[in-house]
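So you know, we letter chains A, B, ... as the sequences are listed, proteins then strands, and number each from 1.
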2 protein chains.
Amino acid sequence: MVESWRSQPGSAGNNVYSRLKQQIVSLELPPGTALSEKEVSLAFEVSRTPVRESFVRLAQEDLVVVLPQRGTRVSLIDPDLVEEARFMREQLEKAVVRLACAEFPAERLAELDANLSAQKHSIEKHDGREMFELDEAFHRILFEGCRKQGTWSVLQQMNAHLNRSRMLWLSTDPHWGQLYEQHREITEAIRRQDADTAEQVMQHHLSLMISNLTVLREKHPDYFK
Amino acid sequence: MVESWRSQPGSAGNNVYSRLKQQIVSLELPPGTALSEKEVSLAFEVSRTPVRESFVRLAQEDLVVVLPQRGTRVSLIDPDLVEEARFMREQLEKAVVRLACAEFPAERLAELDANLSAQKHSIEKHDGREMFELDEAFHRILFEGCRKQGTWSVLQQMNAHLNRSRMLWLSTDPHWGQLYEQHREITEAIRRQDADTAEQVMQHHLSLMISNLTVLREKHPDYFK
DNA sequence: TGTTCCATACTACCATACAAGTATGGTAGT
DNA sequence: ACTACCATACTTGTATGGTAGTATGGAACA
């Protein structure tokens, strides 16, 4: 294989999978978009086999739906799944931030500080996309610092649905300032091992992640189930 | 296709996947077992393609590890993942049982009662395998009654690792009696909407699920990472 | 005008051939 | 006896042809 389009280290199948997933979560491929093994294989210049593997993996995460002998399409955003994702994050992150207040590696705390200042810069640059990624990274660092990487990675499966709706939200009013402030408060609570405050702020923080789903739904009715 | 070995409704790929997964979680295929696309395709009388799809899906759940150009084997039980699975269940089930105390459909409550009496019969018959399945069903009903099916199904991915170690535990000392009693207490707490008791019992209940992992590890050192 | 039927062009699904990397055992050379 | 090398038999990764089910548009007919 010539690797013309990309010199990614992984196999072609893995590359197709991660590229497709990225495009789906970023809404570059909007919900409802019809895909097909042949079409994608031509676009990515690989055979149908790795494309098919990607579809299988994406279907397992409910990011695409495969209708046998009919076609494959990017799944519509399921508001129930979005709410469940928020629910899972609320429960798990409250517990994790409590753990973090009991014990958290100094180097991870430093990562949080670095992340916070990066967030500040992103907000000043009004770079929503970058802020989005820093927000994700912030929470991932929390899980990793509590040695809950596996939990985080399973959570990501649900989170993909939440993130698609957050992506829509990105174009309206993300109040990044408020979210940044909460990130800062959480970090400080961890530093002084104040579990009750940390949990309380985290709960409020996560309650803001979904906010007005109905508004988004009215704006993009064809994106939702 | 002749469907000689099975008249399952789903596609060949789905059948291979579910059969393999069942065999892995039940330890019929012990951790570390070498698989190969060819070998499995011969055993299941299908081509390599659906087998390969199954491997991809199982690899995504960390139930098999694929070493490119070298082979595929059933993953070893990762104690960290087992503990994380228990952690996830603890956090999520505590929250769910609280929701159940606030609101729970009468028909689901009836399912819990039916499940409880079935558990009683299984214990009298000393049928550990059936009790295991009823235990799973009990908790699933809780999630479904709170409309958290998606949460349950994502949780299952982590739970597969926990279940493999519970499967080992099955041959030693499951104290099903105590677990049954706790199931009963949880059901009663839901019936009288006593959230604090329900959460407390649930927490204790789930803490028993892992118990002495070190003992299992000494007994089957080759099954663990 | 409206309805039924059918050819056609899709789709995912499966089987199979080939490519490329890896482990292994035997053999030749030292 | 020991080492380096290589043929061989594995493995997974990729490409491709064929099969069966489904949607669709147009023609024949009422």
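- Atoms OH (A:Y17) and P (D:dG13) sit 16 Å apart, rounded to a whole Å.
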Could you list, one pair per line, each protein nitrogen or oxygen that sits under 3.5 Å from a nitrogen or oxygen of nucleotides 22-26 of chain D, together with the distance?
from, atom 1, to, atom 2, distance (Å)
D:dA23, OP1, A:R70, NH1, 2.8

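- Legend: residues meeting side chain to side chain donor-acceptor pair (under 3.5 Å) with B:R164, ordered by chain and number and at least two apart, are B:S75.
- For the contact set between residues 28-42 of chain B and DNA chain C, defined by any heavy atom under 4.0 Å, there are no members.
- Between A:R73 atom CZ and C:dA12 atom C1' the separation is 14 Å, expressed in whole Å.
- Both A:P50 and B:T72 lie near DNA chain D, and the one whose nearest nucleotide falls closer to the 5' end is B:T72.
- Applying the ring-ring contact (aromatic ring centres under 6.0 Å, His included) test to B:H121 and every residue at least two apart in sequence or in another chain returns nothing.
- Taking atom CD of A:E45 as the reference point, atom P of D:dT14 lies 15 Å away to the nearest angstrom.
- For the OP1/OP2 pair of D:dT12 and a distance below 4.0 Å, the side-chain nitrogens and oxygens of B:R52 include no atom meeting the criterion.
- Counting only distance, with no hydrogens or angles, the side chain of A:D127 and the backbone of A:E130 share a donor-acceptor pair below 3.5 Å.
- In terms of phosphate contacts, B:T49 brings no side-chain nitrogen or oxygen within less than 4.0 Å of OP1 or OP2 of C:dC14.
- Residues forming a salt bridge (Lys or Arg N to Asp or Glu O under 4.0 Å) with B:D80 (at least two apart in sequence, or on another chain): none.
- Every residue two or more places apart in sequence or in another chain that forms a ring-ring contact (aromatic ring centres under 6.0 Å, His included) with A:F138 is listed here: A:H183.
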Donor-acceptor list for residues 142-153 of chain B side chains, cut-off 3.5 Å, not counting sequence neighbours:
from, atom 1, to, atom 2, distance (Å)
B:E144, OE1, B:R108, NH1, 3.1
B:T151, OG1, A:E84, OE1, 2.6
B:S153, OG, B:G150, O, 3.4

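- Within the helix from C:dT1-D:dA30 to C:dT30-D:dA1, the inter-axis angle between the opening and closing five-pair segments is 20°, rounded to 10°.
- B:E111 and B:N115 are not linked by any side-chain donor-acceptor pair at a separation below 3.5 angstrom, with hydrogens and angles left out of the test.
- By the ring-ring contact (aromatic ring centres under 6.0 Å, His included) test, A:H161 pairs with no residue at all, sequence neighbours left out.
- The B:R48 side chain lies nearest to D:dG13 when the options are C:dA12, D:dG13, D:dT16.
- With sequence neighbours excluded, no residue forms a ring-ring contact (aromatic ring centres under 6.0 Å, His included) with A:F224.
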For residues 26-35 of chain B, tabulate all N or O donor-acceptor pairs below 3.5 Å that involve a side-chain atom, not counting sequence neighbours.
from, atom 1, to, atom 2, distance (Å)
B:S26, OG, B:Q22, O, 3.0
B:S26, OG, B:Q23, O, 3.3
B:S26, OG, B:E28, N, 3.4
B:T33, OG1, B:P30, O, 2.5

Could you pull out all donor-acceptor pairs under 3.5 Å where a side-chain atom in residues 60-69 of chain A meets a protein atom, sequence neighbours excluded?
from, atom 1, to, atom 2, distance (Å)
A:Q60, OE1, B:R57, NE, 3.2
A:Q60, NE2, B:E61, OE2, 3.0
A:E61, OE1, A:K21, NZ, 2.8
A:E61, OE2, A:Y17, OH, 2.3
A:E61, OE2, B:Q60, NE2, 2.9

